[in-house]
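Chain letters run A, B, ... following the sequence lines, proteins first, then strands; residues in each count from 1. This structure is a prediction, so every number in the text was calculated from the model and none was measured.
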There are 2 protein chains.
Amino acid sequence: MSDEPRREILAAASRLFAAGGVGATTMAEIARRSGLQQSSLYYYFHSKEALLDALVTEANRAPLELVERIRSEGGAPAVQLYRLIRADVAALSALPYDLNELHRMAARDPRMFRRYWRERERLIAAVTEIIAAGVASGELRAIDPALSTLTILSNDEATQHWLRGDLKRASRRSRPSTVTADPTEAGRFLADLTLRGLMTRPASLEQIRRRARTLDDS
Amino acid sequence: MSDEPRREILAAASRLFAAGGVGATTMAEIARRSGLQQSSLYYYFHSKEALLDALVTEANRAPLELVERIRSEGGAPAVQLYRLIRADVAALSALPYDLNELHRMAARDPRMFRRYWRERERLIAAVTEIIAAGVASGELRAIDPALSTLTILSNDEATQHWLRGDLKRASRRSRPSTVTADPTEAGRFLADLTLRGLMTRPASLEQIRRRARTLDDS
DNA sequence: ATGGAGTTTTGATGATGTATCGAAAGTCGT
DNA sequence: ACGACTTTCGATACATCATCAAAACTCCAT
């Protein structure tokens, strides 16, 4: 099976999900945008969910590569965590669609989305190790690393989620009470909030920030 | 139109959404559980989405009542915020289904879910006022109250979301890497994290906690 | 060039779900 | 027990996901 139509289908689906959500996107429309008939999609993906699995696995790769790169670049655990949160919010916001929706469908059906879950567990394990190292070194308070990891990753996604909605609303001017923050600002806010919340000495956050910035720029 | 079948339909729908999610729940099944034929549902709700609107509006009322009660009971803004986060995570976790999914559908279609959005804005406004008061009094750092509110409310929901998934997985023993924290623990963790992150003097969190507990018990 | 194996695409169709509609059934005051 | 009003229902239109056998295409070996 050639790879190119597969990619084109995923790209078309991705654009449509971004525009109208998963539920409102039909296989027929995805096919039309990929220059195929509806039934032809099933040659490449044996169901709509299989298509979603491919998409969500690919999307999850962004944070995964992020955390692996940050870990390989070293630095104190608190610095790594700070960099990760900032970059994760930015990476999730840069995706064409909201990962939250696919994430939820994946949670509904672990079997169908097992490829995604395997990679997700790697992500969770990597972040947990960073936090555990921070606790061990005394930089972070004596928190439960597993609980912290899930909270942090969820919060990254949640921030991306409301931010996306907020930006869309702002662009349509259809709703009041928008903040119109950009992903950079929101990511920095969340990273600040989280690190201050987890660090033994919150006053040294400024130092963490500087070191993070140095590494980010290199 | 009598109110009682309406309630019964909502209750049945609520149970089914909890079990299998919105997408997997059919109007026919909701009807069966309410002792009606599929087409009869449309006498009470003119579409599946209208049913969702009623449900999500009702669910949103829990945090709204919470924040209004907490505000009326007074106390320092930081104490109010601490109490709110803990109670909000608990309240969301106590709902039969994950508010996240309905919240997402509501965001897709503001017109259909306008009742929900009106109440949601009240909630956002109330929390924003608490935070602004905290900033004004110097208890909280000089953060953007609107940005903080959205982040906090999103994080509450996100915590409830991963917790729900985690608990379900734990009960099915189908997945590793579960934390099996309960809503109380997760809510306390998030409230601690957030308040430490936002307070001018994180060291006084212990005092905030004590005062929050006093008010919670009264 | 051409036959043929393997790959890709398609139209027809089944299965399931949402929503509509007119008619039937039920309720209640007079 | 009549009639207005409310509630329920069966039939059905329409959309969508998925399956399948057949057609169209590709490309190598002859």
- Round to the nearest Å and state the distance from A:Tyr44 atom OH to D:dA18 atom P. 18 Å

- Item | Any residue of residues 5-16 of chain B with a heavy atom less than 4.0 Å from an atom of DNA chain D | none

- Task: Name all residues meeting the salt bridge (Lys or Arg N to Asp or Glu O under 4.0 Å) criterion together with A:Arg83; count only those two or more places apart in sequence or in a different chain, and write none if there are none.
- Result: A:Glu73, A:Asp216

- Side chains of A:Glu29 and A:Gln38: closer than 4.5 Å at any heavy-atom pair? no

- Item | B:Arg15: side-chain hydrogen bond (donor to acceptor under 3.5 Å, both in side chains) partners, not counting sequence neighbours | none

- Query: Atom CG of A:Asp3 and atom C1' of C:dT7: how far apart are they, to the nearest Å?
  - Reply: 15 Å

- Task: Using side-chain hydrogen bond (donor to acceptor under 3.5 Å, both in side chains) as the criterion, list what pairs up with A:Arg6, not counting sequence neighbours.
- Result: none

- Note on the structure: When rounded to whole Å, the CZ to P distance for the pair A:Phe45 and D:dT19 reads 15 Å

- So, do B:Leu150 and A:Leu163 sit near enough that their side-chain heavy atoms are less than 4.5 Å apart? no

- Item | Non-neighbouring partners of B:Thr128 that pass side-chain hydrogen bond (donor to acceptor under 3.5 Å, both in side chains), sequence neighbours left out | B:Thr149

- Query: With the sugar-phosphate defined as primed atoms, P, OP1 and OP2, and the base as all remaining atoms, what B/S/- string results for nucleotides 11-29 of chain C, 5' to 3', for protein heavy atoms under 4.0 Å?
  - Reply: B-----SBBB---------

- Pairs where residues 53-66 of chain B contributes a residue and the test salt bridge (charged side-chain N to carboxylate O under 4.0 Å, His left out) is met, not counting sequence neighbours: B:Asp53-B:Arg115, B:Arg61-B:Glu119

- Which is it for A:Arg213 and A:Arg209 under the side chain to side chain contact (heavy atoms under 4.5 Å, CB included) test, yes or no, and what are the steps along the way? CA-CA 6 Å; A:Arg213 184 196 281 255; A:Arg209 265 200 201 146; over 6 Å; no

- Of all residues at least two apart in sequence or in a different chain, which pass the ring-ring contact (aromatic ring centres under 6.0 Å, His included) check with B:Tyr82? none

- Task: Compare all side-chain heavy atoms of B:Glu129 with those of B:Arg71 and state whether any distance is below 4.5 angstrom.
- Result: yes

- When rounded to whole Å, the CG to P distance for the pair B:Leu41 and D:dT7 reads 14 Å

Using nucleotides 21-26 of chain D, report all nitrogen or oxygen pairs with the protein that are shorter than 3.5 Å.
none

- Results of side-chain hydrogen bond (donor to acceptor under 3.5 Å, both in side chains) for B:Arg164 - residues two or more places apart only: B:Gln160

- Message: Exactly one of A:Leu193, A:Thr194, A:Asn155 should register a side-chain contact (heavy atoms from CB on, under 4.5 Å) with B:Thr194. Which one does?
- Response: A:Leu193

- Can you name the salt bridge (Lys or Arg N to Asp or Glu O under 4.0 Å) partners of A:Arg104, sequence neighbours left out? B:Glu101

- Note on the structure: For DNA chain D, the expected dot-bracket line (Watson-Crick or G-U under 3.5 Å, [ ] crossing, | inter-strand) is ||||||||||||||||||||||||||||||

- Looking at A:Tyr43, does any N or O in its side chain come under 4.0 Å of the phosphate oxygens OP1/OP2 on C:dT8? yes

